[in-house]
Amino acid sequence: MAKINIKIEGIPYQVEAGSTVLEAARACGYEIPSLCAYNHGECNRGSCRVCLVEVVGARGLVASCVYPVNEGMEIIISSPKATAARRASVELLLSNHSMKCQQCDKNEKCELLHVAKLTGAREDMFLGEQTPTTYDNVTPAIVRDTSKCVLCGRCVARCANAHGDGVLTFQNRGFKTIIGPAQNRTFDKSPCIMCGQCITVCPTGALMEKNDIAKVDAAMAAGKYVVVQTAPAVRAALGEEFGMKIGTPVTGKMVAALRRLGFKKVFDTNYAADLTIMEEATELLSRIKNGGKLPMITSCSPGWVNYAEIRYNGLLDHLSSCKSPHEMMGAILKHYWAAKVGIDPKDLFVVSAMPCSSKKYEAQRDELKTRGLADVDAVLTTRELGKLIRRSGINFAKLPDEEFDNDIVGEYTGAGVIFGVTGGVMEAALRTAAFVLTGKEHEGVKFEEVRGFDGIKEASFDLAGMTVNVAVAHGMKNAKVLLDEIEAGTSKYHFIEIMGCPGGCINGGGQPYVRECFLPNEDPDIVDTYRAKRAQALYSEDERQTLRQSHNNPQIKALYDEFLGEPNSHLAHELLHTHYNVRTPFPELD
Ligand code: SF4
Ligand code: SF4
Ligand code: SF4
Ligand code: FES
């Protein structure tokens with residue numbers, strides 16, 4: 001990229017041509033407050049005016065997030081005029097804000113509070129009438145509180161990118177403007193898939209996951225036997241909640257923290273990821289051999305399942321009938337493990353620590369109950385887990401590394417670990433498919449073609465003489481391309497992996513917020529690189545495992561030998577498989 005010469009506060013710098021004043025100033029080590037600008041122009045409305053600076057020769061102050069640098073430009077951030085204007089912009093936002101910081105779940109990572117601190121803004125400078133607000137906590141996954149919204153538009157942009165069709169829009173005009181689904185509907189009456197991507201970009205507490213910490217507290221207080229399982233992506237990001245570098249794997253400390261929080265057992269969802277692969281690979285090969293519905297599509301991402309049920313419900317028979325790994329784990333814990341250790345399944349309370357807001361919705365579905373009991377009783381996001389650990393006074397960084405409980409259902413392979421990143425389910429399935437076909441190991445365990453963050457990845461593999469065409473998509477915008485091909489009858493694939501969130505679970509809607517302003521020790525390009533760093537934490541754990549194919553997990557073999565019989569058996573179907581329903585949450589719009 002070509003460089004140009006500018007001055008900031010009278011000091012000469014060389015910066016990238018084409019960057020905005022805000023980006024250039026950040027690269028030179030200055031922090032200009034900002035709110036509406038996000039992620040290299042993903043959202044750049046220039047609306048909040050929190051980033052105003054002086055540019056010599058320009059008429060008035062300029063919004064640094066949209067104003068491009070040019071050769072010889074002189075920028076002044078600290079003049080009295082610019083600092084007063086930035087402060088006034090924040091005070092105007094605060095004047096239309098509920099300011100219930102103490103009760104607000106965002107108060108530890110609130111960007112509005114951060115810019116208020118930076119600018120010295122006071123909340124009581126422009127008191128007066130406030131915009132009528134909406135509070136929507138109807139779904140089990142997402143809460144919208146427009147009294148905390150600063151109308152930055154980040155959620156609108158992210159939802160359009162992640163969801164494809166876009167659920168969130170600006171409603172009304174002028175002073176009455178609010179953000180929400182069309183016609184200000186509640187999320188349950190909209191095509192929202194509860195992926196939580198909007199939550200990850202919201203600078204305030206206007207969009208949050210539903211906090212389920214109280215549910216866990218209540219179960220413990222009631223004397224339930226409370227156990228927890230953790231998804232692979234959680235260990236790749238939980239350290240960020242405690243100021244650790246992005247991509248720091250914290251598996252051992254996470255287990256130690258969960259024990260200190262009072263969970264009776266700490267299980268790894270990876271065990272059930274191996275189980276999912278056994279069931280899913282068997283289902284795929286049976287469909288290929290017996291003329292079943294192809295392409296088969298993975299079903300472990302509840303955001304994607306929601307999308308299929310709402311938007312592509314003519315394709316539901318393409319979805320694998322496998323439950324997602326944490327739901328399989330819940331069913332196995334309640335209907336296999338509990339009997340083994342002498343616990344009444346009704347007294348067992350299964351908590352899932354997940355990178356995902358959509359799993360909160362999934363866990364309460366009737367389709368995911370077995371023998372009258374919910375497979376999973378409560379879901380905490382990685383962020384909620386961080387809060388719970390902080391609340392308990394645990395010094396996370398100083399914890400020892402401890403091992404998961406390996407109690408009949410604890411063993412896992414590297415294949416289970418990589419489930420957390422786009423392409424991981426596909427790679428894990430390919431590692432096992434050849435073995436299921438022939439009883440012989442496939443040469444090598446890496447399938448590089450399905451790794452990385454391209455929107456759609458495709459490849460063909462020769463598995464024991466059978467050519468299998470596969471594709472991987474993450475984020476619904478990418479998935480739509482593959483789904484439209486299936487609808488048109490032109491899809492050439494046998495097997496497709498779809499993940500609701502861009503990048504897969506490592507970038508799930510429940511993962512820690514990635515903001516430069518809260519990560520002073522990270523590299524400046526962190527918004528571009530955090531997904532790769534979290535993914536690397538999982539690939540490294542895969543590399544460290546002795547066993548890297550699901551079918552070699554000895555406890556999974558034992559589960560089939562002594563309980564389930566074989567993959568896709570009648571009992572396996574009762575416990576580990578589900579079905580899907582056509583959903584029309586907005587009938588009057590049809
Ligand atoms: S969004 Fe921020 S400023 Fe608003 S109530 Fe929550 S913590 Fe306070
Ligand atoms: S949860 Fe996902 S689909 Fe729903 S509004 Fe947010 S980004 Fe859009
Ligand atoms: S809900 Fe959050 S992200 Fe969306 S406009 Fe409001 S403050 Fe911005
Ligand atoms: S961050 Fe520049 S106008 Fe909002």
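Worth knowing before you read on, the calculation uses all heavy atoms, side chains too, and leaves out hydrogens, waters and symmetry mates. Remember, it's 1-based here, ligands and their atoms both numbered in the order they're listed.
Those atoms of ligand 4 with a heavy atom of Ala37 less than 4.0 angstrom away are 1 (S). Close contacts of ligand 4 with Gly46, meaning ligand atoms under 4.0 Å from a residue heavy atom, involve 3 (S). Atoms of ligand 1 found under 4.0 Å from any heavy atom of Cys104 (numbered from 1 in listed order, with element): 1 (S), 5 (S), 6 (Fe), 7 (S). In summary, the atoms of ligand 4 found under 4.0 Å from a heavy atom of Ser34, numbered by their order in the structure, are 1 (S). Atoms of ligand 4 lying under 4.0 Å from any heavy atom of Leu35, numbered from 1 in the order shown and given with element: 1 (S). Those atoms of ligand 4 that come under 4.0 Å of a heavy atom in Cys65, given as number and element, are 1 (S), 2 (Fe), 3 (S).
The number of heavy atoms from other shown groups lying within 6.0 Å of CZ (Arg122) does not exceed 12. Atom CD of Glu71 has more than 12 heavy atoms from other residues, nucleotides or ligands within 6.0 Å.
The nearest N, O or S atom of Cys110 is not closer to atom 8 (Fe) of ligand 1 than 2.8 Å.
Contact check on Glu384 versus Lys215 returns no salt bridge, with no Lys/Arg side-chain nitrogen under 4.0 Å from an Asp/Glu carboxylate oxygen. A salt bridge links Arg515 to Glu111: one of the charged nitrogens lies within less than 4.0 Å of a carboxylate oxygen. With respect to the salt-bridge test (charged N to carboxylate O, under 4.0 angstrom), the residues Asp145 and Lys100 do not qualify. Remark: Glu497 does not engage Lys457 in a salt bridge, criterion side-chain N to carboxylate O under 4.0 Å. Salt bridge status for Asp165 with Lys480: present, with a side-chain N to carboxylate O gap under 4.0 Å. A salt bridge is defined here as a Lys NZ or Arg NE, NH1 or NH2 lying under 4.0 Å from an Asp or Glu carboxylate O, and Lys359 with Glu362 meets this definition.
Atom CG in Leu388 sits 11.5 Å away from atom CG in Asp212 (nearest 0.5 Å). Between atom CE of residue Met476 and atom CH2 of residue Trp304 there is a gap of 6.5 Å, rounded to the nearest 0.5 Å.
By the criterion of a heavy-atom distance under 4.0 Å, neither the backbone nor the side chain of Val66 is placed next to ligand 4. Contacts between Ser47 and ligand 4 below 4.0 angstrom, taking non-hydrogen atoms only, involve the backbone exclusively. Only the backbone of Arg49 comes within 4.0 Å of ligand 4, judged by heavy-atom distances. For Asn107, heavy-atom contacts with ligand 1 shorter than 4.0 Å involve the backbone as well as the side chain.
With respect to atom 3 (S) of ligand 1, the closest heavy atom belonging to the protein is His97 NE2, 3.5 Å. Ranking protein heavy atoms by distance to atom 5 (S) of ligand 1, first place goes to Lys100 N, 3.5 Å. Scanning the protein for heavy atoms near atom 1 (S) of ligand 1, the closest one is Gly205 N, 3.1 Å. Protein heavy atom closest to atom 8 (Fe) of ligand 1, with residue, atom name and distance, is Cys101 SG, 2.4 Å.
Around atom 2 (Fe) of ligand 2, the protein N, O or S atoms closer than 2.8 Å are Cys195 SG, listed by chain and residue number.
Donor-acceptor pairing under 3.5 Å is recorded for the side chains of Asn507 and Tyr530. Of the N and O atoms on the side chains of Asp484 and Tyr312, at least one donor lies less than 3.5 Å from an acceptor on the other residue. Counting only N and O atoms by type, the side chains of Thr382 and Glu241 include no donor and acceptor under 3.5 Å apart.
Of the candidates Thr186, Asn184, Thr139, Arg144 forms a side chain to side chain donor-acceptor pair (under 3.5 Å) with just one, namely Asn184.
Nearest to atom 4 (Fe) of ligand 4 by heavy-atom distance, out of Pro33, Cys48, Ser64, is Cys48.
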